[in-house]
Amino acid sequence: MAELLFRDDPYLAACEASVVSVHENAVELDRTVFYPLGGGQAGDTGRIGEWRVLDTRKGGDSILHLLEPGARPAPGMKLPIEIDWERRYRLMRLHTALHLLGAVVKAPVTGGRIGDDKAHLDFDIEMDKLVKEHIEAQLNELTQARHATSSYWITDAELDARPELVKTMSVAPPRGEGRVRLLEIPGVDLQACGGTHVRNTAEIGRLVVARIRSEGKRNKRITLILADHGARA
């Protein structure tokens, strides 16, 4: 199992790592700053030495760095690795923003996704209860309040005893190590989450509710964008 450096420091953008194994289109490293697709968050892109990383995925207990077509590094090589930091930081801001959205909209979360330029959550709620202006105002109050975030670990048994800490019905928290990571925004949100987040809600900046639409009887989708990024739903 690779050492997952992003767990302890999501702001670490680069380091050195050794190639453990090489697959047809991917490599495994002994340590990595690359976050793999999971929990609704897109996998990181970047570089391993001279090779471009197009995506990062989980492969059982391994982290697979998917490379562009062409030559491959050899096992045992020690190389500099670096994520596309601006992209990762947007993902961190948007992921933390979804925690705020889940705190603002008091309804079961049925799904969600964090992409390069937008993020959404799906809620089991009636459409007439979702007012764009009200949601946007509450979100931006929370970002401006400069709430610090923190993460810590609890055991699988502790999580089983507190099912309210799992708030997304379609996404199970990562297990398999006997412990589960929690993300806390004191007074705002506390839930199991293995993603990457900003240290303070002020880093998110101003949020825009780009769209609210029905995706089915139990799925009302709220899409957020970062005001300073200019993306559209």
With side chains defined as the heavy atoms from C-beta onward, is the minimum distance between Leu5 and Thr32 less than 4.5 Å?
no
Who passes side chain to side chain donor-acceptor pair (under 3.5 Å) against Arg206, sequence neighbours left out?
none
Could you go through Asp30 and Lys78, starting from their C-alpha distance and side-chain angles, then the distance that decides it, and tell me whether this counts as salt bridge (Lys or Arg N to Asp or Glu O under 4.0 Å)?
CA-CA 10 Å; Asp30 66 337; Lys78 190 169 186 178; over 6 Å; no
Under the ring-ring contact (aromatic ring centres under 6.0 Å, His included) rule, collect the residues that match up with His99, sequence neighbours excluded.
His95, His197
Quick one: which of Leu139, Leu100, Leu142 gives a side-chain contact (heavy atoms from CB on, under 4.5 Å) with Thr201?
Leu100
Is any side-chain heavy atom of His120 closer than 4.5 Å to one of Asp122?
yes
Candidate pair Arg57 and Asp55, rule side-chain contact (heavy atoms from CB on, under 4.5 Å), full reasoning:
CA-CA 7 Å; Arg57 300 292 181 98; Asp55 199 358; 2.8 Å; yes
Charged N to carboxylate O below 4.0 Å: is that the case for Glu158 and Arg162?
no
Side-chain donor-acceptor pair present, Asn219, Thr110, cut-off under 3.5 Å:
yes
When you check the side-chain N and O atoms of Thr56 and Asp44, is any donor under 3.5 Å from an acceptor?
no
Salt-bridge present (Lys220, Asp128; N to O < 4.0 Å)
no
Smallest heavy-atom separation, Thr223 atom then Arg221 atom, equals OG1-CG, 3.9 Å
If the condition is side chain to side chain contact (heavy atoms under 4.5 Å, CB included), which residues does Val22 pass it with, not counting sequence neighbours?
Val19, Val27, Arg72, Pro75
